[in-house]
Amino acid sequence: MCVCIYSIGLSMGGCLGWEEERYTDGSKWKFLEHKGPVFAPPYEPLPSNVKFYYDGKHMKLSPEAEEVATFFAKMLDHEYTTKDIFRKNFFKDWRKEMNAEEKAKLTDLKKCNFTEMSEYFKAQSEARKAMTKDEKLKIKEENERLLQEYGFCIMDNHRERIANFRIEPPGLFRGRGDHPKMGMLKRRIRPKDIIINCSKDSKHPEPPPGTKWKEVRHDNKVTWLVSWTENIQGSIKYIMLNPSSRIKGEKDWQKYETARRLKKCVDRIRTQYHEDWKSKEMRIRQRAVALYFIDKLALRAGNEKEEGETADTVGCCSLRVEHIKLYPENDGQEYVVEFDFLGKDSIRYYNKVPVEKRVFKNLQLFMENKEPDDDLFDRLNTSVLNKHLQELMDGLTAKVFRTYNASITLQQQLKQLTMPEFFSFKKILSYNRANRAVAILCNHQRAPPKTFEKSMQNLQTKIDAKRDQLSDAKRELKSAKADAKVRRDEKSKKAVETKKKAVQRIEEQLMKLEVQATDREENKQIALGTSKLNYLDPRISVAWCKKWGIPVEKIYNKTQREKFAWAIDMADEDFEF
DNA sequence: GGCTTTACTTAGAAGTCCTTCG
DNA sequence: CGAAGGACTTCTAAGTAAAGCC
């Protein structure tokens, strides 16, 4: 029933704690015990001096209506609250929580004045910041106690950290991008909404006094501990384990193993889709061109979405005619495709790429007689594509290409950019640059930090100061040398050596600062975290660290080291992805 | 030692992909 | 098939803690 996947032989009998086995029958665990979720704290009505005004007149709200009003008040400084859709959705849902009297009276959001509430919450947060050390410590200790009690579970003989043991508190839904549901009320979750999952032979978590769970089940084919249905999209939310857990780590490892299997057959697959560009069948041509984009540009699969339920975003299979432009010639290049669309989280994907003539001709064909809002690949969707991929390689899906291309790019770039003679901080710059190449490939952008310009300036100031310091040190060295030439004694010789050392030290410090400035500048609009956490086989990084004698702490912080414990333990310096 | 900046952590929304059901 | 449901991964922004600076 169980197969040993890998055993981690650590000296002194130590072990990572999850080296044993994996089940082959689809079960994820045998034993699971936990304390259930931590609920959001109950609503505390505002003090009576904090007033709400309607049409300029004070109005005391019922606790139910007041609570929802505070959600809006807390967001008053956010631009969300100026958006029409947000305001409309909020007001509609708020009215549902009002009593008859309030409903009759409060008919126009524009006449509502939340400023006192807003001021009150700002003052509260100021007060929190101004708390004494002791008070802060007390809160910290209480959080730690809660973490120890609810933040861990027992799964198959191991105490594992839970990722999110707190239930999401009620509030206003904030979608990303142009979300049609922004501003809607996210309901408070109660025990009777909660499904508990644990093993039969465990001590089941108790619901709060006087309440009942919706259900307690014992499904060991899934990994979640707690679930509930959220009221905005009607989707299910889960409490699951931390990335450091055995169950997540193994899954992560498998993901990279699948990507490595793709490496072995990717040439064959590429040859195949090149052939398919010539197919007589439209659906096959479309499939082949889409796959080419997924492979070459690391696009996401692009599932269909329910129109009007979410922001209008697309991936590869859901691209529409309006999202690409074709240029037979552009800036001296032939057959250029310009992509411009909103992807996941409404992040813009913009790219101009030259493609093979066959691809170009196919795209022209796909676009013939279509409206801008028609699907580019009308004979294709993700399930058709994935079924095809499954036939090409066991376990192959569209997203494996992203993982594969990200990881292989990191490996190549590391080889290309790391020079043996580099100081270690310069090697780390090389690492970050390799990481950056991947982030760019995967379109992991970020808004430039608000303080970016200023922080660059600060760094520049430091560099200038260091330069001055260096020229001073050099001058001193020079005069020490001259002095030594005249005196020709031990003492002055020693002085020269000391000054030499000083110059060297300052030179290195200057270089370090300059590297830091380069790194930061290049990172202005690029987010490295997502690829590091989700796309790059950590064994590549671990191997690189070992090869160049860079401590792994320079690359991975504590949380990341916990998540990648399996890789840190497994990979040696000649690991090849 | 207090203030500012940077790094890390958490939250929770938005994807992918598989399974189930009519 | 196609739609819906379910489980799990990926993603950015916001919040918090820690580090750096005067």
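In what follows, chains carry the letters A, B, and so on, assigned in the order in which the sequence lines appear, proteins first and then strands, with residues in each chain numbered from 1. Just so you know, these numbers come straight off a predicted model, no measurement behind them.
- Of all nucleotides listed (dC17(B), dT9(B), dG6(C)), dC17(B) comes nearest to the side chain of Ala301(A).
- Of all heavy-atom pairs between Ser227(A) and Tyr238(A), the closest is CB-CD2, 3.8 Å.
- Phosphate contact (OP1/OP2 of dC17(B), side-chain N/O of Thr397(A), threshold under 4.0 Å): present.
- Between Leu342(A) atom CG and dT12(C) atom P there is a gap of 13 Å when expressed in whole angstrom units.
- OP1 or OP2 of dA17(C) has not a single side-chain nitrogen or oxygen of Lys140(A) nearer than 4.0 Å.
- Contact between the side-chain N/O atoms of Ser383(A) and the OP1/OP2 oxygens of dG2(C) is not found at any separation under 4.0 Å.
- The residue among Arg174(A) and Asp252(A) whose nearest nucleotide of DNA chain C lies closer to the 5′ end is Asp252(A).
- Here the straight-line distance linking atom CG of Asp193(A) with atom OG1 of Thr229(A) works out to 8.0 Å at 0.5 Å rounding.
- With dG12(B), dA7(C), dT10(C) as the candidates, the nucleotide lying closest to the side chain of Ile236(A) is dA7(C).
- Comparing dA14(B), dT10(C), dT9(C) against the side chain of Asp345(A) picks out dA14(B) as the nearest.
- In this structure, Tyr535(A) reaches the dC11(C) phosphate: one of its side-chain N or O atoms is under 4.0 Å from OP1 or OP2.
- The CD atom of Glu306(A) sits 14 Å away from the P atom of dA14(B) (whole-angstrom rounding).
- As judged by a 4.0 angstrom heavy-atom cut-off over every strand, Pro169(A) is placed among residues touching the sugar-phosphate backbone only.
- If you check every strand for non-hydrogen atoms under 4.0 Å, Lys251(A) touches sugar and phosphate atoms only.
- Set against dT10(C), dA11(B), dT9(C), the side chain of Asn534(A) has dT10(C) as its closest nucleotide.
- A centroid separation of less than 6.0 Å is found between the aromatic rings of Trp544(A) and Tyr431(A).
- Dashed line: the shortest gap from a side-chain N or O of Arg166(A) to OP1 or OP2 of dT9(B) is not under 4.0 Å.
- Note on Ala398(A): only backbone sugar-phosphate atoms sit closer than 4.0 angstrom, heavy atoms only; bases stay farther off.
- Side-chain N/O atoms of Thr559(A) include one lying less than 4.0 angstrom from OP1 or OP2 on dT9(B).
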Note to self: With salt bridge (charged side-chain N to carboxylate O under 4.0 Å, His left out) as the criterion, how do Asp252(A) and Lys255(A) come out once you've worked through the C-alpha distance, each side chain's angles and the decisive distance to 0.1 Å?
What the structure shows: CA-CA 5 Å; Asp252(A) 208 32; Lys255(A) 173 180 78 182; 3.2 Å; yes
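- Among the heavy atoms of the strands, none lies under 4.0 Å from Gly315(A).
- For Thr310(A), no side-chain nitrogen or oxygen approaches OP1 or OP2 of dA14(B) to under 4.0 Å.
- When each of dA14(C), dT16(B), dA14(B) is scored by its nearest atom to the side-chain atoms of Gln233(A), the top-ranked nucleotide is dA14(B).
- Dashed line: the shortest gap from a side-chain N or O of Asn164(A) to OP1 or OP2 of dA11(B) is not under 4.0 Å.
- No contact: Ser235(A) has no heavy atom under 4.0 Å from any strand.
- Picking from dA14(B), dG15(B), dG12(B) the nucleotide with the shortest atom distance to the side chain of Lys237(A) gives dG12(B).
- Look at CZ on Arg379(A): it is 15 Å from P on dC1(C), rounded to the nearest Å.
- Atom-to-atom distance recorded for Leu389(A):CG and Asp394(A):CG is 12.0 Å, nearest 0.5 angstrom.
- We find that NZ of Lys344(A) is positioned 5 Å from P of dC11(C), with the value rounded to whole Å.
- No side-chain donor from either of Glu250(A) and Gln254(A) sits under 3.5 Å from a side-chain acceptor of the other.
- Atom C1' of nucleotide dA7(C) and atom CG of Leu225(A) are separated by 13 Å, given to the nearest angstrom.
- Nucleic acid contact for Arg300(A): sugar-phosphate only, since backbone atoms but no base atoms lie under 4.0 Å from a heavy atom of the residue.
- Checking dC17(B), dA14(B), dT10(B) against every side-chain atom of Lys399(A), the shortest atom distance belongs to dC17(B).
- For the pair His179(A) and dA13(B), the criterion of a side-chain N or O lying under 4.0 Å from OP1 or OP2 is not met.
- Interatomic distance, Thr258(A) OG1 to Met393(A) CE, rounded to the nearest 0.5 Å: 6.0 Å.
- Checking the phosphate oxygens (OP1, OP2) of dC17(B), a side-chain nitrogen or oxygen of Asn386(A) falls inside 4.0 Å.
- The phosphate of dT6(B) (OP1 or OP2) has a side-chain N or O of Arg520(A) nearer than 4.0 angstrom.
- Thr382(A) comes within 4.0 angstrom of no nucleic acid atom, judged by non-hydrogen atoms across all strands.
- Lys248(A) has a side-chain polar atom (N or O) that falls below the 4.0 Å cut-off from OP1 or OP2 of dT9(C).
- Among the heavy atoms of the strands lying under 4.0 Å from Lys28(A) are primed sugar atoms or P, OP1, OP2 only; no base atom is included.
- Distances from the side chain of Trp224(A) to the nucleotides dT10(B), dT16(B), dC8(C) place dC8(C) closest.
- In this structure, Thr530(A) reaches the bases: a heavy-atom distance under 4.0 Å links it to at least one base atom across the strands shown.
- A straight line from CH2 of Trp228(A) to P of dG12(B) spans 9 Å, rounded to a whole angstrom.
- Taking atom CG of Leu389(A) as the reference point, atom P of dC18(B) lies 10 Å away to the nearest angstrom.
- Ring-centre distance between Tyr150(A) and Phe165(A): not below the 6.0 Å cut-off.
- Here Asn557(A) lies in heavy-atom contact (under 4.0 Å) with sugar-phosphate atoms only.
- In this structure, Arg283(A) atom CZ and dC1(C) atom P are separated by 10 Å, rounded to whole Å.
- The nucleotide whose nearest atom lies closest to any side-chain atom of Glu168(A) is, among dT12(C), dA11(B), dG12(B), dG12(B).
- Note on Ile347(A): only backbone sugar-phosphate atoms sit closer than 4.0 angstrom, heavy atoms only; bases stay farther off.
- Between Phe86(A) and Tyr80(A), the ring planes lie tilted relative to each other; the angle falls in the 30° to 60° range.
- Mapped onto DNA chain C by nearest heavy atom, Asn381(A) and Lys255(A) fall at different nucleotides, with Asn381(A) at the one closer to the 5' end.
- The phosphate of dA14(C) (OP1 or OP2) has a side-chain N or O of His78(A) nearer than 4.0 angstrom.
- Comparing dA13(B), dG6(C), dC8(B) by their closest approach to the side chain of Lys186(A) singles out dA13(B).
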